[in-house]
Asker: 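Attaching a single structure in structure tokens format; questions to follow.
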Number of protein chains: 2
Amino acid sequence: MATQLEPAVPREGTGRKKLLAAALDLFAERGVSGTSLQMIADALGVTKAAVYYHYKTKDDIVLAVVNPAIEELAVIASEAERKRSRAAQVETVLVGIIDLIVRNRSLYAVLQGDLAVAHVLSEHGAFPELSNRIMALLVGPDPDPGTIVAASILLSGLGEAGFGPRVADIGDEELRGHMLGCARRLLRHRRPSAATP
Amino acid sequence: MATQLEPAVPREGTGRKKLLAAALDLFAERGVSGTSLQMIADALGVTKAAVYYHYKTKDDIVLAVVNPAIEELAVIASEAERKRSRAAQVETVLVGIIDLIVRNRSLYAVLQGDLAVAHVLSEHGAFPELSNRIMALLVGPDPDPGTIVAASILLSGLGEAGFGPRVADIGDEELRGHMLGCARRLLRHRRPSAATP
DNA sequence: GTCTATAGATAGATAGAC
DNA sequence: GTCTATCTATCTATAGAC
């Protein structure tokens, strides 16, 4: 099930949990490259060495912060790929991703907006492939350039907009609805020649 | 006039021009915080000290890279604010920004996607105010949350999508058209109660 | 599990020769 | 204008005491 009630990265907890929450806040505010282990340690009120006890490298912290979102995305993609109709595939991806974004607004922005994260993921994980799967689900087979542009704008825009200050005071329920509306307006324009079976 | 034939940051030139072009490439690929002055110097085949001859600080380089785009944005905003009808204001902003993005795809992504750039601009410039002006032109007075969400998605999405690898092989003319289509689809949904005079 | 201490590398930045 | 040389601060990361 893709829809959960808790955010992917808990705001409170002990040890690693608090560390990841603090790191996420800093990553979202200053960027991964702009965040030092010293800042993370200071935010927790501990020393750098204490941080290194939990994670061996900075990359490990980045991966640990971002991993819950990636796993949820993988679940969403698999769920969507099991649907038979194109419309159901698109709908499953949209509802799943928007729910993920709204539930944890800064995490998705860090995941897809930070170049340092992209760099780490391209080395340590299979995220590019997952990203391609999701894009393929959105645009379908043999997409025209217009659909590719629309889907690119949508995926980037949703992630960044969810974290932006202008939507900060919009409630989860309402934001979800508006984002879904935007997504459908963007993707549903003219149907190509082939009909959906 | 907002539409120019040359990109805002020239690809070739001498001295400062080449420096800014190299810096932009690195900023777009690794992020500002992930780019050291040594990398910029190496890209030019010179030493760090040679870079410091042209610009006193790293922030100065960031500002110099991003400044042409900001100036163009200011021209677009002023041009749009002179229009009398809301529709003309929106159209002027959309055409101007999309032209700017397409003409120099990585520059706008760095300008609005990099947290380090945002940090520098909030200290050294009046970019937040300009950003608010453009947003206000897009959403109009007393915007409903749905319009704010749509405009946020649009502005973030256009910038990031213009630089993305998926649209890299789409020509300028065609990309411009698709982006304009997406923008109009996103912003033009239901009209509020007030009619446009 | 958290600390001190420190290594080793690299960051941004400066002085002054050429 | 571009260089060598160097400074200081900070970075990631490790070793080992408590």
Side-chain angles (χ1 to χ4, degrees), chain A residues 10 12-67 110 114-125, chain B residues 10 12-67 110 114-125:
Chain A
E12 286 302 322
T14 57
R16 298 170 122 83
K17 301 291 181 67
K18 273 171 74 174
L19 197 162
L20 294 182
L24 173 58
D25 286 345
L26 286 163
F27 290 167
E29 192 196 349
R30 325 247 331 188
V32 168
S33 297
T35 302
S36 68
L37 297 186
Q38 185 71 63
M39 296 178 193
I40 298 176
D42 289 349
L44 295 168
V46 300
T47 61
K48 266 192 298 183
V51 173
Y52 272 109
Y53 169 75
H54 294 288
Y55 295 97
K56 272 203 290 287
T57 68
K58 189 184 181 184
D59 281 7
D60 285 347
I61 298 178
V62 173
L63 288 172
V65 165
V66 147
N67 197 49
V110 170
D114 199 303
L115 289 168
V117 173
H119 210 254
V120 172
L121 288 179
S122 71
E123 287 179 350
H124 292 74
Chain B
E12 286 302 322
T14 56
R16 299 171 122 83
K17 301 291 182 66
K18 274 171 74 175
L19 198 162
L20 294 182
L24 172 58
D25 286 346
L26 287 163
F27 291 166
E29 191 197 350
R30 325 246 332 187
V32 168
S33 296
T35 301
S36 67
L37 297 186
Q38 186 69 250
M39 296 178 192
I40 298 176
D42 290 349
L44 295 169
V46 299
T47 62
K48 265 195 295 183
V51 173
Y52 272 108
Y53 169 75
H54 294 289
Y55 296 97
K56 273 201 289 287
T57 69
K58 189 185 182 184
D59 281 8
D60 285 347
I61 298 178
V62 173
L63 288 172
V65 164
V66 147
N67 196 49
V110 169
D114 199 303
L115 291 168
V117 173
H119 209 255
V120 172
L121 287 179
S122 70
E123 288 179 351
H124 292 75

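Convention: sequence-line order gives letters A, B, ...; per-chain numbering from 1. No experiment lies behind these values; they were computed from the predicted model shown.
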Asker: Do A/L24 and A/V66 have side chains that approach each other closer than 4.5 Å (heavy atoms only, starting at C-beta)?
Answerer: no
Asker: Heavy-atom distance under 4.5 Å between the side chains of A/D114 and A/V62, does that happen here?
Answerer: no
Asker: Should B/L19 and B/Y53 count as side-chain neighbours, where that means a heavy-atom distance under 4.5 Å?
Answerer: no
Asker: Quick one: how far along DNA chain C does chain A reach, first to last nucleotide 5' to 3', anything under 4.0 Å to a heavy atom?
Answerer: C/dG1 to C/dT4
Asker: Between atom CG of B/L115 and atom CZ of A/F27, what is the distance when rounded to the nearest 0.5 Å?
Answerer: 12.0 Å
Asker: Is there a donor-acceptor pair closer than 3.5 Å between any side-chain N or O of A/K48 and the backbone N or O of A/S36?
Answerer: no
Asker: Under 4.0 Å, heavy atoms only, any strand: does A/S33 hit a base, just the sugar-phosphate, or nothing?
Answerer: nothing
Asker: Which of residues 37-47 of chain B have a heavy atom under 4.0 Å from DNA chain D?
Answerer: B/V46, B/T47
Asker: Scan B/D59, B/V32, B/T57 and name whichever one has a side-chain contact (heavy atoms from CB on, under 4.5 Å) with B/V120.
Answerer: B/D59
Asker: I want to check something: taking the side chain as every heavy atom from C-beta on, are A/L121 and A/L63 in contact at a cut-off of under 4.5 Å?
Answerer: yes
Asker: Is any side-chain heavy atom of A/L20 closer than 4.5 Å to one of A/Y55?
Answerer: yes
